Amino acid sequence: MRSKGWRGPFATLMKALFILGALMMLVAVPFGLSFSSLRGRAKYGLAGKSSGVRELQVRRFSDLNPVAQATREQAAEVIKDMPFTAAPGDLMGGALQIIVIPFFLGVFIVYLVTVFKPDMILTDNQMVEYKKAERKYFLEKKGAVKDPDEPAEMNRASRRAKSLKGKRHVPLWAQRSSSEITLAKRLRLELAIRLAECRGDVTDFMTSFALKKCLDARTALTFFRLLRDAVRQGEQRFSLDDISTSEESCLSTLAQRRSVHRRRASDDSSEEGLEGGRDFSDSELSGEEAPEKEPQLQVTPQLADLGVEATTEELKTEWYPSHLWETESSHVLPGTPGFNRRATNVLRRAGLGQPPSQKSDSRPLQPHQEIVRFLVHPASPVQRLLVDHPTGSGKTREMVSILENFFYDQRPKIAIFPKAAICRNFYRELLRWPNRYRDYFCCQRPVDATQASGGIWQNARHEVWDLTRLPEETVRHLIRSFREVLEMKGQSFRGLMRKSFRAEFKARNPGEPMPLSPLVAISYASAGGSYAAMTHGQHGQPVSAVMKIAWQGVANVLDHKILLFDEVHHLIQPSLYAKQLEGLRHNLLTAHHTVAVGFTGTLALDNPQEGRNLLDLLKGGADSDEGFLSSLASRPRLLFAEAFPQGVPDGVLSHQLQE
């Protein structure tokens with residue numbers, strides 16, 4: 001197969017030399033033969049000419065002058081006896097024929113070899129780069145993506161987008177074939193029929209339906225596009241927000257399936273670390289994210305600028321009855337028999353579960369939420385807790401309340417979620433509910449705060465903000481802005497927060513709260529993978545700037561951290577990221593001076609032993625279970641709506657209940 005040759009400046013130079021050499025070869029022979037004659041026509045001059053040229057000159061002169069005809073033979077003999085001297089024309093003609101022509105001929109041969117047989121002059125590695133560059137050239141020429149490693153469907157999508165560029169609205173039927181549109185319409189109709197019988201979460205049902213029916217991303221995109229059209233036409237069963245969330249989850253899972261198929265095709269061996277041979281193709285975990293590294297500073301901060309602490313005025317706002325723990329069997333700690341009795345007495349003396357009228361919040365915490373907030377506090381002996389509360393009990397708000405308790409704690413707060421989409425939902429909930437993290441964000445981004453609150457944010461400080469009134473693109477922008485502010489990028493140096501940033505904030509916003517450490521939300525794979533990485537192996541320091549904060553120079557990056565795990569049962573479930581989860585389990589089990597709270601509504605998914613393993617993991621090596629579990633086994637009628645028929649969803653889904 002004929003190669004297309006090299007591209008770039010080198011190819012241009014080679015072509016120019018080839019063309020110039022061809023022209024020189026065409027004119028070299030006649031030019032070289034006649035140059036001596038043209039240059040040697042000096043009147044009667046014979047010096048500086050070769051013998052052949054001199055004889056020619058004499059012969060021409062004798063033809064013009066009859067007198068010299070008689071002496072032609074004598075003149076020729078005399079000329080032959082004269083010493084030879086090279087003429088300028090002779091030198092130029094010889095150089096062309098001996099040097100220039102072979103040089104350009106060699107250049108031409110090299111060019112032909114590079115075009116038709118590049119493997120003869122290139123190494124194996126150079127041939128790989130050559131083929132990659134050649135493929136990239138043709139992809140760019142056809143309007144595809146610039147990265148030749150992208151999958152074929154991405155290249156087709158890029159070409160299609162380029163062909164549709166500049167058109168305001170292109171109907172779906174112009175981008176898809178008739179069979180694809182027909183299939184998507186049939187799926188939409190089937191979804192509408194099944195949604196009529198659905199009693200659970202609409203988003204989860206749509207995601208599972210799309211994963212079962214759509215075999216590739218193109219089919220899924222067409223399906224969700226038609227769903228959006230149905231919503232705009234008045235469909236009330238689901239919203240655009242539900243469609244966006246379901247679409248993100250579906251596309252993420254399809255991408256993971258594609259990576260699994262590629263891995264299995266390239267390697268027949270089974271993945272390491274998977275247990276029991278379960279099917280994990282529908283993985284509910286997102287991949288790793290690149291950790292945020294410390295920026296390179298032009299000026300090194302002074303030592304006096306490093307290390308921040310809460311002021312006395314700020315600590316006065318932290319009301320907590322720590323004396324109740326001190327006066328109630330202070331020697332009984334979590335993990336020892338009798339701690340549950342001690343905690344129960346303290347909770348009763350604290351008067352939890354008061355009527356809502358005594359609360360300043362228009363939406364007070366429920367009793368089970370108040371208990372979790374009270375137990376997990378810097379002044380409480382409970383530092384590790386497994387929260388087993390059913391779905392719909394408000395676990396996200398419990399996480400927000402715990403983060404509020406550690407607002408002025410110097411340890412970084414790390415919320416860990418299964419997927420990136422759930423991380424965004426966490427920031428969304430944190431932006432909705434009143435808390436000091438939201439106040440800090442409003443001070444840093446007042447324009448975004450005005451848009452989120454719908455007015456002056458100070459007047460709505462203690463209210464729940466309704467973000468459903470805003471367009472989806474605006475909400476996404478607010479979430480990105482909120483995340484950037486809470487990550488506090490650039491405000492730390494070698495694991496210590498800088499005082500200058502805090503002083504500047506206090507000068508601009510007197511009386512407003514500012515956390516002592518950043519808050520980040522990451523995935524399980526990132527927490528056990530990229531965010532747990534160390535420079536120079538186990539003898540270096542954390543790669544992540546967040547993990548460096550409050551780090552004490554040990555190999556475990558989770559030491560001195562505030563950790564919140566959502567859907568913590570994923571820690572012990574088989575997954576594509578088995579290696580990352582294994583590292584996360586090891587770090588969690590051996591972490592010291594760490595607050596670790598795991599939230600789940602599914603304590604045991606397939607095997608009752610899973611609940612036992614999960615509790616042992618959260619305990620961190622303690623002997624007794626007392627003080628490590630908060631369980632809401634039943635659904636109180638005052639807090640949850642009654643489900644019909646009885647036993648749904650808490651009971652076993654038997655065949656009778658299904659009927």
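This one's a predicted model, so the numbers in the text were calculated from it and none came from an experiment. The first residue of the sequence shown is numbered 1, and numbering continues consecutively from there.
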Discussion item. Using side-chain heavy atoms (C-beta onward) and a distance below 4.5 Å, is Gln369 in contact with Ser401?
Written reply: no
The side chain to side chain contact (heavy atoms under 4.5 Å, CB included) partners of Lys489 (sequence neighbours excluded) come to Glu292, Glu487
Residues at least two apart in sequence or cross-chain that pass side chain to side chain donor-acceptor pair (under 3.5 Å) with Thr245, listed by chain then number, are none
Handout entry: From CA spacing to verdict: side chain to side chain contact (heavy atoms under 4.5 Å, CB included), His389, Glu398
Key = CA-CA 10 Å; His389 292 178; Glu398 292 175 353; 2.9 Å; yes
Quiz item: Would you find a donor on one side and an acceptor on the other, under 3.5 Å apart, between the side chain of Asp559 and the backbone of His592?
Solution: yes
Is the backbone N or O of Tyr531 less than 3.5 Å from a side-chain atom of Ser544, with the two atoms forming a donor-acceptor pair by type? no
query = Does any non-hydrogen side-chain atom of Met497 lie less than 4.5 Å from one of Gln491?
reply = yes
*Would one find more than 12 heavy atoms of other residues, nucleotides or ligands at under 6.0 Å from atom CD of Glu309?*
no
Shortest non-hydrogen pair, Val475 vs Arg428, comes out as CG1-NH1, 3.7 Å
Checklist entry - Tell me, do Arg498 and Leu306 make a side-chain contact under 4.5 Å, heavy atoms counted? => result yes
Ignoring hydrogens and geometry beyond distance, is a side-chain donor-acceptor pair present between Thr207 and Ser246 at under 3.5 Å? yes
- What class does the angle between the rings of Phe209 and Phe223 fall in, given that below 30° is parallel, 30 to 60° is tilted and above 60° is perpendicular? tilted
By side chain to side chain contact (heavy atoms under 4.5 Å, CB included), Lys548 pairs with (sequence neighbours left out) Glu294, Gln541, Pro542
### Message
When you compare the side chain of Leu617 with that of Val568, does any pair of heavy atoms fall below 4.5 Å?
### Response
no
Exercise. Does CZ in Arg228 sit with more than 12 non-hydrogen atoms of other residues, nucleotides or ligands closer than 6.0 Å?
Worked result: yes
Determine whether a donor-acceptor pair (N or O, by modelled atom type, separation under 3.5 Å) exists between the side chain of Asn340 and the backbone of Gly627. yes
Side chain to side chain donor-acceptor pair (under 3.5 Å) filter on Glu248, not counting sequence neighbours, yields Arg424, Arg476
Non-hydrogen side-chain atoms of Lys561 and Pro412 separated by less than 4.5 Å: yes
Residues at least two apart in sequence or cross-chain that pass side chain to side chain donor-acceptor pair (under 3.5 Å) with Glu582, listed by chain then number, are Arg585
ask   = Going through the checks in order, is the side chain to side chain contact (heavy atoms under 4.5 Å, CB included) test met by Arg194 and Phe205?
value = CA-CA 9 Å; Arg194 295 197 176 187; Phe205 185 84; 3.6 Å; yes
*Ignoring hydrogens and geometry, is there a side-chain-to-backbone donor-acceptor pair from Asp448 to Leu478 under 3.5 Å?*
no
- prompt: Would Arg218 and Asp216 pass as an ion pair if we require N to O under 4.0 Å?
  reply: no
* Would you indicate whether Arg612, at its atom CZ, is surrounded by more than 12 heavy atoms from other residues, nucleotides or ligands within a distance under 6.0 Å? => yes
*Verify, without hydrogens or angle tests, whether Thr219 (side chain) and Cys214 (backbone) share a donor-acceptor contact under 3.5 angstrom.*
no
Sorted by chain and residue number, the side chain to side chain contact (heavy atoms under 4.5 Å, CB included) partners of Thr344 (sequence neighbours excluded) come out as Arg348
**Message:** Any side-chain to backbone donor/acceptor pair from Arg502 onto Met514? Under 3.5 Å, distance only.
**Reply:** yes
Which of Phe441, Tyr440, Phe426 passes ring pair (Phe, Tyr, Trp, His ring centres under 6.0 Å) with Phe482? It is Phe441
Scanning both residues in full, the closest heavy-atom pair of Ser630 with Val372 reads OG-CG2, 4.0 Å
